[in-house]
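I have placed the structure first, in the form of structure tokens, so that the comments after it can refer back to it.
Each chain gets a letter, A, B and so on, in the order the sequences are listed, and its residues count up from 1.
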There are 2 protein chains.
Amino acid sequence: MRDERRPTLTDVARRAGVSKSLVSIVMRDEPGAGAETRRRVLEAAEALGYQPDSRARLLRSGRSRLLGVVFGLQHPFHADLVTGLYTAARETGYELALSAVTPERDEPEAITSLLRDRCEALILLGPRSTAAVLARLAARRPVVVLARSVRDAAVDVVRTADARGLHLAVDHLAGLGHRAIAHIDGGRAPGAADRRRGYRDAMRRHGLSDRMTILPGGLTESDGAAAARTLLTDRPTAVTVFNDRCATGVLDVLTRAGVGVPGEISVVGYDDSSLARLAHVDLTTVAQDVPSMTRLAVARATDRLEGAPVARREVVVPPRLVVRGTTGPAYPG
Amino acid sequence: MRDERRPTLTDVARRAGVSKSLVSIVMRDEPGAGAETRRRVLEAAEALGYQPDSRARLLRSGRSRLLGVVFGLQHPFHADLVTGLYTAARETGYELALSAVTPERDEPEAITSLLRDRCEALILLGPRSTAAVLARLAARRPVVVLARSVRDAAVDVVRTADARGLHLAVDHLAGLGHRAIAHIDGGRAPGAADRRRGYRDAMRRHGLSDRMTILPGGLTESDGAAAARTLLTDRPTAVTVFNDRCATGVLDVLTRAGVGVPGEISVVGYDDSSLARLAHVDLTTVAQDVPSMTRLAVARATDRLEGAPVARREVVVPPRLVVRGTTGPAYPG
DNA sequence: CGCATCATCTGGAACGTTCCAGGGCGCACC
DNA sequence: GGTGCGCCCTGGAACGTTCCAGATGATGCG
């Protein structure tokens with residue numbers, strides 16, 4: 001009824017009048033088959049609606065050519081990264097297996113499911129696991145951590161120079177004449193510590209140590225909104241925010257309160273997520289170089305798998321400032 | 001070096017001094033093994049760090065117990081749905097295989113990759129493929145389409161009563177005294193047609209046929225922003241929007257233009273995505289019942305697989321109006 | 001005592017691939 | 001006109017499981 005057995009190599013072989021080995025060769029597009037036969041085999045495969053069984057294929061070849069990716073479904077920036085990983089993986093001939101972390105599905109669970117599927121390497125987006133857990137994992141197969149730093153010799157890291165990112169932001173604002181520049185931070189989120197440090201460094205470098213203000217924030221819009229309300233009472237002329245999502249919340253509260261942006265307060269986000277690029281948000285932001293990061297992450301994973309020599313355990317990608325409409329000259333005075 | 005071969009059934013069998021068949025039985029927790037032997041086998045497996053190879057397992061047993069899910073990485077509502085699918089699947093003993101659609105990876109590609117992985121059924125979130133393509137797919141294995149309607153007897157559909165959703169929205173607004181109620185639509189997006197129709201019906205029912213205004217919108221914030229700019233010139237007192245994302249764009253433009261919400265214009269979104277729930281957005285919206293929809297979608301897929309009788313091909317879930325802060329009484333007059 | 005029964009265990013054949021060691025066969029070359 | 005060398009192509013053994021048809025031995029029963 002429902003399940004007339006799905007066609008296999010043997011079926012195609014029979015129809016084309018050749019051996020299954022030959023069909024296998026043709027399907028993999030390997031040398032070793034004549035042009036005419038090749039055509040006939042492909043025709044037969046097409047007619048039967050044959051699709052190779054990747055399970056059997058991988059079982060036999062011993063390799064899965066599968067990169068496991070753990071990401072947070074609720075993070076728009078993770079969506080951007082996964083998008084980049086897909087295209088990076090395509091170029092290398094590896095496939096991606098996605099495993100999401102949701103409120104009801106934690107990181108360990110997401111990881112185990114990938115391991116059962118025989119992923120050869122793991123790419124983790126901003127994982128919450130401790131360095132020890134990650135190290136244990138890395139002992140069994142290559143692990144690449146994306147967008148977070150990990151102090152462990154066994155795990156590879158690809159991340160943005162987050163401290164540098166905040167230098168860019170503060171330099172930009174200081175250049176516009178701002179002095180009272182606040183920072184809304186990301187708490188324990190991956191990358192938050194580095195950005196906080198970058199902010200402090202840059203302020204000191206500009207001789208603004210006494211104007212430093214760090215407000216507790218987070219990674220969501222509501223975290224930003226909450227922080228912005230604090231901002232209204234003791235008002236700086238500019239603020240750098242942990243990420244774009246959080247910055248959106250800040251913008252929203254400011255706009256509603258009638259505070260002009262960038263007239264009265266300039267705002268700088270982080271990530272250059274699709275959010276920031278929206279015409280009506282038009283957020284000045286520190287861009288993470290998603291294409292490079294994802295390409296590097298995939299390259300690192302495959303290099304480890306293929307035993308290629310790996311130069312540095314940690315690759316740090318420079319950020320780039322994207323100036324848009326939410327920053328402008330400081331109020332005179 | 002990296003890869004000392006991972007232990008197999010045979011390794012465990014040798015260590016425990018039994019046959020591999022017996023180990024298989026023990027690992028699957030099936031009857032047919034004595035208590036003492038069972039203990040010894042488990043001990044050996046533990047010692048070797050044995051993990052079953054799901055690929056080999058599925059290859060042999062002919063079943064994969066895998067549900068393929070195609071979703072759009074950039075849609076927050078899809079993220080909500082996938083989250084729900086994960087928990088629904090867990091309850092039934094099936095696993096999910098995710099395959100994302102991105103700007104560089106189209107729907108056919110996402111689907112093919114799932115087919116190669118031998119997914120037993122496909123769950124497609126708001127797919128863009130034509131009914132004909134979906135039907136062809138459904139001929140080979142169960143296909144459940146989520147959040148879109150499809151006129152084809154072969155594919156199952158689980159969707160919200162979208163027309164009804166707009167009835168709720170319009171009724172609510174009319175009840176607040178609104179007469180000039182506009183609708184910003186979703187164009188060719190899944191569900192858009194039904195919502196548009198629901199809007200028209202409801203307006204007619206309230207005797208407001210001559211006050212109907214349908215503005216072209218879309219599913220993103222910038223679509224909403226664009227539509228909102230049109231709105232500013234010929235201003236209604238209320239507007240129903242295709243989805244929450246689009247409504248956010250509308251809100252943003254209105255707020256920036258100094259138009260009070262809900263003072264001067266009331267806004268109703270659609271989806272009740274996490275976006276709408278944010279304290280500072282606080283969007284009145286039509287909620288889709290994600291837990292029910294996802295549970296139904298998974299149940300439908302597994303029912304088909306197990307040959308259970310299926311009552312209706314299409315399951316329509318009622319929406320629910322969530323009144324928050326963006327709607328209020330119409331201006332007197 | 002012989003035979004059926006039961007629980008426990010084993011060996012080997014699948015599953016759909018890939019990989020390897022060849023088998024023909026035509027053709028150039030000495 | 002053999003010999004050797006390419007090219008196509010084939011058959012069968014793996015890969016790590018599950019499944020099935022028994023083997024074995026203990027036990028119960030007439």
Dump the intermediate steps for side-chain contact (heavy atoms from CB on, under 4.5 Å) on B/Asp289 and B/Thr160, then the final yes or no. CA-CA 8 Å; B/Asp289 185 347; B/Thr160 296; over 6 Å; no
Contact class for B/Pro31 vs. all strands (heavy atom < 4.0 Å): base, sugar-phosphate, or nothing? nothing
Just how far, in rounded Å, is P of C/dT17 from CG of B/Leu58? 15 Å
Verify whether one side chain among B/Ser273 and B/Asp80 offers a donor that lies under 3.5 Å from an acceptor in the other. no
Which is true for A/Ser54 with a 4.0 Å heavy-atom rule: it touches a base, it touches only sugar-phosphate, or it touches nothing? nothing
Using side chain to side chain donor-acceptor pair (under 3.5 Å), reason through B/Arg28 and B/Ser24 one step at a time and then give a plain yes or no. CA-CA 6 Å; B/Arg28 281 173 297 148; B/Ser24 171; 2.9 Å; yes
Could you check A/Ile123 against A/Val298 for side-chain contact (heavy atoms from CB on, under 4.5 Å), going step by step and ending with a plain yes or no? CA-CA 8 Å; A/Ile123 300 181; A/Val298 169; 4.3 Å; yes
A/Leu9 CG to C/dG16 P: how many Å, rounded? 10 Å
In this structure, how many angstroms lie between the P atom of C/dT18 and the CE atom of A/Met27, rounded? 9 Å
Nearest-Å distance for atom pair CG/P, residues A/Asp11 and C/dC15: 11 Å
Value in whole Å for how far the C1' atom of D/dG16 lies from CG of A/Leu59: 6 Å
Review item, nucleotides 19-22 of chain C N/O atoms under 3.5 Å of protein N/O:
from	atom 1	to	atom 2	distance (Å)
C/dC19	OP2	A/Arg28	NH1	2.7
C/dC19	O4'	A/Arg60	NH2	3.4
C/dC19	N4	A/Ser21	OG	3.4

I'd like to know whether CD of B/Glu36 has more than 12 heavy-atom contacts from other residues, nucleotides or ligands below 6.0 angstrom. yes
If you apply the rule side-chain contact (heavy atoms from CB on, under 4.5 Å), what do you find for A/Leu115 with A/Leu137, and how did you get there? CA-CA 10 Å; A/Leu115 294 184; A/Leu137 207 55; 4.2 Å; yes
If you define the side chain from C-beta out and look only at heavy atoms, does anything of A/Val158 sit under 4.5 Å from A/Val145? no
Do any of residues 38-46 of chain A sit with a heavy atom less than 4.0 Å from DNA chain D, and if so which? none
Would you check if A/Val101 and A/Val70 make a side-chain contact, meaning some heavy-atom pair closer than 4.5 Å? yes
Expressed in angstrom and rounded to an integer, what is the separation of B/Arg57 atom CZ from D/dC15 atom P? 19 Å
Protein-nucleotide distance (B/Asp53, atom CG; C/dG16, atom P), rounded to Å: 17 Å
Below 4.0 angstrom from OP1 or OP2 of D/dG16, is there any side-chain N or O of B/Thr8? no
Without decimals, in angstroms, what is the distance between B/Arg65 CZ and D/dT17 C1'? 17 Å
Chi angles and distances behind the side-chain contact (heavy atoms from CB on, under 4.5 Å) call for B/Glu43, B/Arg15: CA-CA 10 Å; B/Glu43 195 174 283; B/Arg15 184 176 237 262; over 6 Å; no
